[in-house]
Amino acid sequence: MHKTRILLPVCWLTFCSFCSLYAPHALPAAHAADGNVTILSPADGAKLGAATKNKVTYEATLGAAGGHVHLYVDDEETAVLRQHKGEYVLDPLAPGNHRVCIKLVNKAHVPTGMEHCINVTAQ
């Protein structure tokens, strides 16, 4: 019984050492495989013209599952964007606060969880 009490902590320490050496290297690669989306402009908190068409510039890195991106304004799908990098011109926004999001979706148009959202004010 004395050996069991000594071996258990040694085994646990060995496992923890293994995890600390190898797990940090595995996590970024797995995260990168999921993809990434970014709204390059306008900036979060930007003030936009309410009566004008405003441009959204974006960039997407697709994950292992592939797919494309969708643009949302106030939780309503506004556009399906097939290019991984580009611009989209929004229709004029009603005066007030709005949330603009770019979401990575799979081939079935289901969001993967990768998204970038900004808040803008149309004046």
Side-chain angles (χ1 to χ4, degrees):
M1 183 143 204
H2 183 57
K3 287 183 182 180
T4 305
R5 293 171 76 190
I6 293 171
L7 290 177
L8 184 59
V10 171
C11 291
W12 180 251
L13 289 174
T14 302
F15 175 74
C16 291
S17 296
F18 175 80
C19 290
S20 67
L21 288 174
Y22 295 102
H25 303 292
L27 290 176
H31 181 65
D34 293 336
N36 187 26
V37 291
T38 304
I39 296 174
L40 302 171
S41 69
D44 188 38
K47 295 188 184 337
L48 306 177
T52 62
K53 293 188 174 193
N54 295 284
K55 192 182 321 180
V56 174
T57 306
Y58 68 94
E59 189 172 271
T61 303
L62 302 182
H68 55 281
V69 292
H70 288 187
L71 178 88
Y72 295 81
V73 176
D74 300 328
D75 295 323
E76 301 259 343
E77 184 179 307
T78 303
V80 175
L81 306 171
R82 299 283 180 194
Q83 296 177 335
H84 304 150
K85 182 178 183 179
E87 299 174 343
Y88 180 81
V89 178
L90 295 172
D91 287 332
L93 299 170
N97 297 324
H98 299 279
R99 186 164 179 84
V100 178
C101 297
I102 298 281
K103 298 182 181 185
L104 183 60
V105 300
N106 64 20
K107 293 177 184 176
H109 301 270
V110 176
T112 64
M114 283 290 160
E115 66 180 48
H116 183 220
C117 298
I118 60 168
N119 294 303
V120 297
T121 303
Q123 299 178 329

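The structure displayed is predicted, hence computed values, not measured ones. We're numbering straight along the sequence, starting at 1.
- T38 contributes atom OG1, which lies 12.5 Å from atom OH of Y58 (distance to the nearest 0.5 angstrom).
- Scanning all heavy atoms of the two residues, the minimum distance from A94 to A122 falls at O-CB, 3.4 Å.
- Counting heavy atoms from C-beta on, the side chains of V56 and S41 never come closer than 4.5 Å.
- A side-chain donor-acceptor contact under 3.5 Å links T112 to the backbone of L104.
- Nearest heavy atom pair, residue A60 against residue V69, reads CB-CG1, 3.6 Å.
- Listed for the D74 side chain is no donor-acceptor partner under 3.5 Å among the backbone atoms of E76.
- The one candidate from E115, K103, H109 that meets the side-chain hydrogen bond (donor to acceptor under 3.5 Å, both in side chains) condition with H70 is H109.
- Atom CD of E77 has more than 12 heavy atoms from other residues, nucleotides or ligands within 6.0 Å.
- Taken together through direct or relayed side-chain contacts under 4.5 Å among Ile, Leu, Val, Met, Phe, Trp and Tyr, L93 and I39 form part of one hydrophobic cluster.
- A distance of 9.5 Å separates CG in L40 from CD in E87, rounded to the nearest 0.5 Å.
- Contact of the N97 side chain with the N119 side chain is not registered, since no non-hydrogen atoms from C-beta on lie closer than 4.5 Å.
- Checking side-chain atoms of N106 against main-chain N and O of G67 turns up no donor-acceptor pair under 3.5 Å.
- To the nearest 0.5 Å, atoms NE2 (H84) and OG1 (T61) are separated by 9.0 Å.
- In this structure, the side chains of Q123 and P95 stay at 4.5 Å or more apart for every pair of heavy atoms.
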Would you check, one step at a time, whether the test side chain to side chain contact (heavy atoms under 4.5 Å, CB included) holds for N54 with V120? CA-CA 11 Å; N54 295 284; V120 297; over 6 Å; no
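- Follow the hydrophobic side-chain contacts under 4.5 Å out from L90 and you never reach Y72; the two are in separate clusters.
- No single ILVMFWY cluster, assembled from side-chain heavy atoms under 4.5 Å apart, contains both V105 and V73.
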I would like to know whether Y88 and I102 meet side chain to side chain contact (heavy atoms under 4.5 Å, CB included); could you show each step before the answer? CA-CA 11 Å; Y88 180 81; I102 298 281; over 6 Å; no
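- A continuous path of ILVMFWY side-chain contacts below 4.5 Å connects L71 to L62, so both sit in one hydrophobic cluster.
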Stepwise side chain to side chain contact (heavy atoms under 4.5 Å, CB included) test for L81 and H68: CA-CA 7 Å; L81 306 171; H68 55 281; over 6 Å; no
